[in-house]
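Every chain is numbered from 1, with letters handed out A, B, ... down the list of sequences. These figures come from a predicted structure and were not determined experimentally.
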Amino acid sequence: MRFTYNKKEKLKSKKLIEQLFAEGKSVSAYPLRLVFLPTTFEDAVPAKTGVSVSKRNFKKAVDRNRIKRLMRESYRLNKAIYFNNLTQQYAFMILYIGKDKPKFIEVVTRMKLLFDKFQSKISET
RNA sequence: CAAGUAGAUUGCCUUAUCGCUGUUCAUGUAAAUGAAUGGAGGAAAGUCCGAACACCAUAGUGCAACAUAGUGGCUAAUAACCACCAGUCGUGAGAUUAGGAAAAGUGCAACAGAAAGUAUGUACAGGUCAUGCUGUAGUGAAACCAGGUAAACUCUAUGUGGUGCAAUGCCAUGUAAACUAGCGCUUGAAGGCGGCACGUUUGAUGCUAGAGGGUAGGCAGCUAAAGUGUAUUGGUAACAAUGCACGCAGAUAAAUGAUAAGGUAUUCCCGUUCUUUUUCAGGAGAUCCUGAAACGAGUUCAGGAAGAACAGAAUUCGGAUUAUAGAUUUACUUAAGCA
RNA sequence: UGGCCCAUGGUGUAACUGGCAACACGUUGGUUUUUGGUACCAAAGAGUCUAGGUUCGAGCCCUAGUGGGCCAA
């Protein structure tokens with residue numbers, strides 16, 4: 001699997017996002033929080049993922065863009081390890097709930113922990 | 001040199017790996033894959049003016065409301081910009097000004113003061129036949145001046161129709177032209193129409209409210225534009241004309257990046273080279289020479305450490321506003337400064 | 001994208017037409033009480049979000065900004 005993250009893997013449907021926040025479950029590994037919902041869609045990808053940073057915590061657009069880029073990058077590099085053996089299509093939204101600007105290595109380690117938690121949670125049910 | 005004034009330019013670089021996005025081409029039924037090429041700013045920011053563009057009736061009349069306010073120029077247009085005049089501030093280079101009208105009218109002026117706008121009291125002096133007739137004193141920001149105040153109302157002149165790309169046009173998907181209450185159906189509900197009136201026009205399977213059902217995807221608008229760079233000419237200048245070259249982001253839970261390594265401007269630390277300053281001692285005798293010490297300043301070289309500010313397009317332009325580490329550079333000023 | 005409103009002691013509010021920034025709670029000290037509370041007495045605490053301007057004089061008027069809140073599609 002290639003380390004890609006193109007338009008088809010992005011969560012873009014407004015309707016699906018509203019459904020995700022209304023019905024989805026969540027796990028968190030501070031400063032990240034993952035909201036997920038098993039669903040189906042037409043494109044042949046295992047998951048659609050979006051990232052989000054609160055305007056309340058980061059007032060400047062430059063800071064928000066930087067954090068979202070770091071989150072997308074760490075998702076792109078690590079998704080293959082976890083999602084190749086998914087049996088169900090998922091919608092994900094990763095939120096940044098911290099209040100300080102992170103470094104790349106921190107985001108990567110927490111992202112890995114986050115998806116470890118996610119896998120143990122879905123294997124329970 | 002120091003202190004200062006007014007501008008102008010710039011505001012990280014290289015390599016490797018892995019990505020994102022627009023366009024074009026190739027392969028492919030398609031999904032997709034590959035290649036080439038483009039991909040944030042001087043403020044993209046806040047949203048204070050002015051326009052373009054789109055729709056509402058190509059936009060009516062009056063009132064109201066709002067904006068502007070020396071003169072001339074410039075511009076698509078402006079409250080921006082340029083030149084000049086005048087006022088104020090500064091030694092000066094320069095800075096700054098909502099800079100029309102107080103003889104159309106209404107209002108306002110605390111305290112002090114006799115009196116604050118229909119004036120004229122006290123004391124002293126002068127003057128007169130006589131009298132606030134004249135001057136001075138005293139209060140105050142202002143005391144008779146056709147006073148001040150218009151960033152008080154107002155008047156004058158000029159200008160402004162409204163809504164905004166979530167405009168607007170089209171395609172696709174889907175539901176409920178159902179239910180309840182009120183108003184109305186040519187004797188006119190309601191809308192176009194923005195604060196009001198007039199006027200005009202549309203108008204019945206209609207309008208308003210309640211409760212409820214559905215959609216919330218795509219395409220166009222969407223980037224070639226009052227465009228950018230440069231040269232010449234005209235103009236004091238803003239700016240204009242002409243030639244040549246370039247073809248310059250287009251995302252939409254929102255691209256333009258991430259990581260690693262190296263480097264540059266610059267800053268700091270330690271050592272070092274040279275110059276200078278101060279102190280002490282000795283010599284000469286006028287303003288100097290020699291030696292020692294000290295820390296301060298500048299500077300050369302080597303090593304080490306840190307190492308880029310403010311900030312992210314969202315229909316598009318023109319201006320002004322605010323934020324901004326540092327670097328480069330032009331012109332000019334100096335009363336009191338140092339050599 | 002467009003529009004509207006607010007900012008005054010630590011907190012919540014006043015200040016009329018421009019003329020000495022007021023009140024309550026809180027704070028500090030004292031009296032009363034065995035102690036604490038209550039009650040009473042006294043004191044401190046601000047120059048009105050920032051920078052300019054108009055004016056003799058600005059919390060109030062004007063301009064620009066900063067921060068906060070709200071509304072519409």
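Looking at the side chain of A/K10, the nearest of the listed nucleotides B/rC20, B/rC18, B/rA313 is B/rC20. Relative to the side chain of A/M93, the nucleotides B/rC18, B/rA254, B/rA253 differ in distance, and B/rA253 lies closest. The listed nucleotides are B/rG257, B/rG312, B/rU259; the one nearest the side chain of A/V62 is B/rG312. The side chain of A/R76 lies closest to B/rC18 when the candidates are B/rC18, B/rG312, B/rA251. For A/N6, taking side-chain heavy atoms from C-beta onward, the closest of the listed nucleotides B/rC20, B/rA258, B/rG312 is B/rC20. For A/K7, counting side-chain heavy atoms from C-beta on, the closest listed nucleotide (B/rA311, B/rU256, B/rA251) is B/rA251.
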**Q.** Intra- and inter-strand pairs of RNA chain C in dot-bracket (Watson-Crick or G-U wobble, both distances under 3.5 Å; | for another strand)
**A.** (((((((..((((.....[..)))).(((((.......))))).....(((((..]....)))))))))))).
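Here A/K68 lies out of heavy-atom contact (under 4.0 Å) with every strand. Residue contacts for A/I105: at a heavy-atom cut-off of 4.0 Å it reaches no nucleic acid atom on any strand shown. At the heavy-atom level, A/R66 lies under 4.0 Å from the strands shown only through sugar-phosphate atoms.
The two residues A/L77 and A/F104 have their closest heavy-atom pair at CD1-CZ, 4.1 Å.
For the pair A/M71 CE and B/rG257 P, the computed distance is 19 Å after rounding to whole Å. A/K48 places its NZ atom 12 Å from the P atom of B/rG217, with the value rounded to the nearest Å. Separating the CG atom of A/L70 from the C1' atom of B/rU256 is a distance of 15 Å, rounded to the nearest angstrom.
Across all strands shown, the partner of B/rA331 is B/rU5, judged by Watson-Crick or G-U wobble contacts whose two distances both fall under 3.5 Å.
In summary, the aromatic rings of A/F92 and A/F118 are positioned with their centroids under 6.0 Å apart.
For the pair A/R72 and B/rU21, the criterion of a side-chain N or O lying under 4.0 Å from OP1 or OP2 is not met.
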